[in-house]
Amino acid sequence: MTIDFPSGDGERLLGAISAITADVAEVEMVVAHSERATLRVGDVFLKIDADQARVDVEVEAMAMAPIPTPEVLWRTPPVLALAALPGTALGRLGEPSIASAAAWAAAGAAVRMLHDAPLPPWPGRSLDELTSRLDEECEWLVTNGALPADLVTRNRRVAEAALRPWTSAFTHGDLQITHVFVDGDEITGVLDWSEAGQGDALYDLASLTLGHEEHLGDVIAGYGTDVDLDVIRGWWSMRCLLAIRWLVEHGFDPSSPGCEVDVLRSRM
């Protein structure tokens, strides 16, 4: 990953990182690909992102969100330094979650609080944009032999349920379970707000429960209102169909047990 530092910022940035790492025995690479990287240095996360507009959204969304988020320690483009959240992630895609039903319900309650908050000023993806991208990704998956045509066709049909008008809510936009931290039965914070914006509330609920359908009831109980399960299933299929090419091109394996391809197969 190569990022050009703004003029005059390189030395200050290296100095700040050196000060953090001076007394730390280990630096952990959390995630890294061609667009961004995240390092954990002791109790500090360093997010390096070439797209500063994306970081602007993240910082503003965290400031607006009515639920716990990481503390912003400092920002020297292209690096954003965040304090680590206490606790552990709610779970991981492809692995059983050891979090309690109460913790999943607490996550649902936190999401409801977010969705009830005033809308952020920037727009989210439109229905037309989503439909166009879904068609493009499905064509790529079939044309390039990434997935069997019948699997793509079936899940494209399931995804239709999500392609309907919705009332916009303040959405996280990438609410996968690794971004939700819990300590016991309590939510300690939510990470990675760069995709936040106006959107469909049910997309967040679907993202949170992707690959963990067994916890959907707990999340809905905490959320506190009935939801359209066909729309949730539609977003599960859509999220996977939209993600697979990106995952493959960035060195991730969507065919790992319990991950995106298995989620699509479960709809057959």
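This is a predicted model, so every value here is computed, not measured.
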Check the hydrophobic clustering (I, L, V, M, F, W, Y; side-chain heavy atoms under 4.5 Å; chains of links allowed) and say if Leu141 and Leu247 are grouped together. no
With a sphere of 6.0 Å drawn around CD of Glu139, does it hold more than 12 non-hydrogen atoms of other residues, nucleotides or ligands? no
Check the pair Asp204, Leu114 against side-chain contact (heavy atoms from CB on, under 4.5 Å), reporting the backbone distance first and the verdict last. CA-CA 10 Å; Asp204 273 352; Leu114 174 67; 4.2 Å; yes
With a 4.5 Å limit on heavy-atom distance, are the side chains of Asp49 and Pro78 in contact? no
Side-chain donor/acceptor of Trp193 to backbone N/O of Glu60, under 3.5 Å: no
Can Val72 be reached from Leu85 by stepping across I, L, V, M, F, W or Y side chains whose heavy atoms are under 4.5 Å apart? no
Test your reading of the model: is there a side-chain donor-acceptor pair from Trp236 to the backbone of Ala206, 3.5 Å cut-off? yes
Which atom names give the shortest non-hydrogen contact between Gln52 and Pro77, and what distance separates them? OE1-CB, 3.5 Å
Gap between atom CG of Leu202 and atom OG1 of Thr171 - 0.5 Å precision: 11.0 Å
Quick check: closest heavy atoms across Ala169 and His115, and the distance to 0.1 Å? CB-O, 3.8 Å
Under 4.0 Å between a Lys/Arg side-chain N and an Asp/Glu carboxylate O for Asp200 and Arg125? no
Regarding Thr225 and Arg112, is there a side-chain donor-to-acceptor distance under 3.5 Å anywhere? no
Check this for me: Asp150, atom CG, are more than 12 non-hydrogen atoms of other residues, nucleotides or ligands nearer than 6.0 Å? yes
Angle between ring planes, His172 versus His179, binned at 30° and 60°: parallel, tilted or perpendicular? tilted
Do Val44 and Leu82 pass the side-chain contact (heavy atoms from CB on, under 4.5 Å) test, and can you show the C-alpha distance, the side-chain angles, and the key distance before you say yes or no? CA-CA 6 Å; Val44 177; Leu82 301 171; over 6 Å; no
In this structure, OG of Ser126 is separated from CZ of Arg133 (nearest 0.5 Å) by 12.5 Å
Please check if any side-chain donor atom of Thr188 sits under 3.5 Å from a side-chain acceptor atom of Asp183, or the reverse. no
Test side-chain contact (heavy atoms from CB on, under 4.5 Å) on Met62 and Glu71; report intermediate values, then the result. CA-CA 9 Å; Met62 287 192 294; Glu71 177 188 359; over 6 Å; no
Within-4.5 Å side-chain heavy-atom neighbours: Ser207 and Asp174: no
Taking Glu260 for its side chain and Leu241 for its backbone only, find out whether a donor-acceptor pair lies under 3.5 Å. no
In this structure, are over 12 heavy atoms from other groups packed under 6.0 Å from Met113 atom CE? no
Ion pair present between Arg267 and Glu213, side-chain N to carboxylate O less than 4.0 angstrom? yes
How far does CZ of Arg40 sit from CG of Leu46, to the nearest 0.5 angstrom? 11.5 Å
How far apart are the C-alpha atoms of Leu93 and Ser256, what are their side-chain angles, what is the distance that settles it, and do they pass the side-chain contact (heavy atoms from CB on, under 4.5 Å) test? CA-CA 9 Å; Leu93 185 61; Ser256 297; over 6 Å; no
Here the gap from Leu205 atom CG to Leu216 atom CG, rounded to the nearest 0.5 Å, amounts to 8.0 Å
Hey, could you give me the CD1/CG distance between Ile220 and Asp226, rounded to the nearest 0.5 Å? 8.0 Å
Indicate yes or no: at least one non-hydrogen side-chain atom of Pro121 is less than 4.5 angstrom from one of Met64. yes
In terms of ring plane angle, is the pair His212 and Trp104 parallel, tilted or perpendicular, where the classes change at 30° and 60°? tilted
Shortest non-hydrogen pair, Pro86 vs Phe181, comes out as O-CD2, 3.8 Å
Does Thr131 reach the main-chain N or O of Leu127 with its side chain, forming a donor-acceptor pair under 3.5 Å? yes
For the CH2 atom of Trp166 and the CG atom of Asp228, what is their distance to the nearest 0.5 Å? 14.0 Å
The salt bridge (charged side-chain N to carboxylate O under 4.0 Å, His left out) partners of Asp192 (sequence neighbours excluded) come to Lys47
Which atom pair, heavy atoms only, marks the closest approach of Ser97 to Leu90? OG-O, 2.8 Å
Take a 6.0 Å sphere around CG of Asp135 and say whether it holds more than 12 heavy atoms from other residues, nucleotides or ligands. yes
Give a yes or no on this: more than 12 heavy atoms of other residues, nucleotides or ligands lie within 6.0 Å of atom CZ of Arg245. yes
Looking at Glu186, I'd like to know if its CD atom is crowded, meaning that more than 12 non-hydrogen atoms belonging to other residues, nucleotides or ligands lie closer than 6.0 Å. no
Main chain of Val263, side chain of Ser266: is a donor-acceptor contact present, judged purely on distance under 3.5 Å? yes
